[in-house]
Amino acid sequence: ANSWYLLNVAESQIQQKLHPEIESAINNITSSEFMAFYFYEQLAWHFNRDSVSLPGFHTFFKKRACGLRRIARKFMEYQNKRGGRVILTDIQTYPKQDGWTPLEALAKTILVETGITQALTKQNALADSVIDLKELSDHVTQLQRAGPGIGEYLYDKDSINNGSYFDHVNRDNY
């Protein structure tokens, strides 16, 4: 009588219909955040060495590393709360491990941050397209309910013409 044991354990019971591309994008962003964290962590401890001894740069890069780790964990939490799967990838070390000057390190962080920004921009564009797909799917479902003829007329008059719920959605919080 208990059918709960028949559930596929790989399937989440709280899956919130995360589009596979969104789930993948979140995992890619998480990986980008961890790669940047790893880079900043390496720089922090480079500037903490007794032969370098630049405590301000150590603290600067250590704070940035902690912030990136915190952000990556938030993405993983978001993924799990929606029944998605957190898939972590290998983290590549930056080829240069030693001999950083403060100027070189700061210049390189611009490239690292640009990479993170590009990953986030891709994810935002993907999220917008998923919201658009949801809106269109809702229109189709509601129009099917309304039916042909007078239903189409009323749907045109009351729904399409007056906008939809999605016209008022704050996409930043969706």
Side-chain angles (χ1 to χ4, degrees), residues 7-138 165-166 169-174:
L7 289 174
N8 180 352
V9 292
E11 295 294 322
S12 172
Q13 295 179 45
I14 59 168
Q15 180 76 28
Q16 294 185 9
K17 305 282 189 216
L18 270 181
H19 193 281
E21 290 181 35
I22 292 289
E23 187 175 333
S24 177
I26 292 169
N27 282 323
N28 288 338
I29 290 169
T30 302
S31 293
S32 294
E33 297 288 338
F34 273 128
M35 283 188 248
F37 157 76
Y38 204 57
F39 175 71
Y40 286 133
E41 193 75 359
Q42 186 257 328
L43 288 174
W45 294 104
H46 166 75
F47 288 112
N48 190 37
R49 292 178 50 203
D50 67 330
S51 61
V52 179
S53 190
L54 292 171
F57 281 97
H58 167 71
T59 301
F60 174 81
F61 287 115
K62 188 174 164 186
K63 283 181 184 177
R64 297 205 53 91
C66 289
L68 288 164
R69 185 182 63 219
R70 186 174 48 256
I71 291 168
R73 286 180 175 169
K74 284 182 181 183
F75 277 113
M76 291 187 294
E77 183 180 330
Y78 176 88
Q79 189 90 295
N80 268 6
K81 282 183 177 179
R82 280 145 187 86
R85 292 175 306 269
V86 174
I87 299 172
L88 299 176
T89 58
D90 291 340
I91 297 174
Q92 300 293 317
T93 59
Y94 192 76
K96 182 174 181 172
Q97 295 290 314
D98 199 10
W100 288 97
T101 67
L103 180 58
E104 285 176 318
L106 288 173
K108 187 54 71 178
T109 62
I110 292 171
L111 295 176
V112 169
E113 292 296 328
T114 300
I116 292 171
T117 301
Q118 288 172 347
L120 288 169
T121 301
K122 285 180 190 175
Q123 190 269 342
N124 284 342
L126 184 58
D128 279 345
S129 71
V130 169
I131 291 169
D132 291 341
L133 286 171
K134 169 75 167 110
E135 177 183 9
L136 293 170
S137 296
D138 285 359
Y165 161 78
F166 291 94
V169 166
N170 180 350
R171 291 174 181 248
D172 293 335
N173 296 328
Y174 194 81

Would you say the side chain of Arg64 lies within less than 4.5 Å of the side chain of Glu113, judging by non-hydrogen atoms?
-> yes
Side chains of Leu88 and Met76: does their closest heavy-atom pair fall under 4.5 Å?
-> yes
side-chain contact (heavy atoms from CB on, under 4.5 Å) between Glu23 and Gln79, worked out = CA-CA 7 Å; Glu23 187 175 333; Gln79 189 90 295; 3.4 Å; yes
Exercise: identify the closest heavy-atom pair between Tyr38 and Gln92 | CD2-O, 4.1 Å
Where the side chain of His58 meets the backbone of Ala44, is there a donor-acceptor pair that is under 3.5 Å apart?
-> yes
Phe75 to Ile26 - nearest heavy-atom pair and separation | O-CG2, 3.8 Å
Inter-residue atom distance Lys96.NZ - Phe39.CZ, 0.5 Å rounding | 9.5 Å
Which atom pair, heavy atoms only, marks the closest approach of Ala65 to Phe37?
-> O-CD1, 3.0 Å
Taking C-beta and beyond as the side chain, do Thr114 and Ile110 meet within less than 4.5 Å on heavy atoms?
-> yes
Quick check: does any side chain N or O of Asn27 sit under 3.5 Å from a backbone N or O of Ile87, one acting as donor and the other as acceptor?
-> yes
Taking the side chain as every heavy atom from C-beta outward, state whether Trp100 and Phe47 have any pair of such atoms under 4.5 Å apart.
-> yes
Can you measure from CE (Met35) to OG1 (Thr30) and round to the nearest 0.5 angstrom?
-> 10.5 Å
Look only at the side chain of Ser24 and the backbone of Pro20, and say whether a donor-acceptor pair between them is shorter than 3.5 Å.
-> no
Is the closest side-chain heavy-atom distance between Pro102 and Leu54 below 4.5 Å?
-> yes
At what distance, to the nearest 0.5 angstrom, does OG of Ser31 lie from CD1 of Ile91?
-> 7.5 Å
Yes or no on salt bridge (Lys or Arg N to Asp or Glu O under 4.0 Å) for Glu77 and Lys81, after CA distance, side-chain angles and deciding distance?
-> CA-CA 6 Å; Glu77 183 180 330; Lys81 282 183 177 179; 3.0 Å; yes
Got Thr93 and Gln42 here, is their nearest side-chain heavy-atom distance under 4.5 Å?
-> no
Could you tell me the separation between the CG atom of Leu111 and the CD1 atom of Ile116, rounded to the nearest 0.5 Å?
-> 11.5 Å
In this structure, CD of Glu41 is separated from CH2 of Trp45 (nearest 0.5 Å) by 7.0 Å
What's the spacing between Ile71 CD1 and Ser32 OG if we round to 0.5 Å?
-> 12.0 Å
Would a 4.5 Å heavy-atom cut-off, applied to side chains only, mark Thr109 and Leu43 as touching?
-> yes
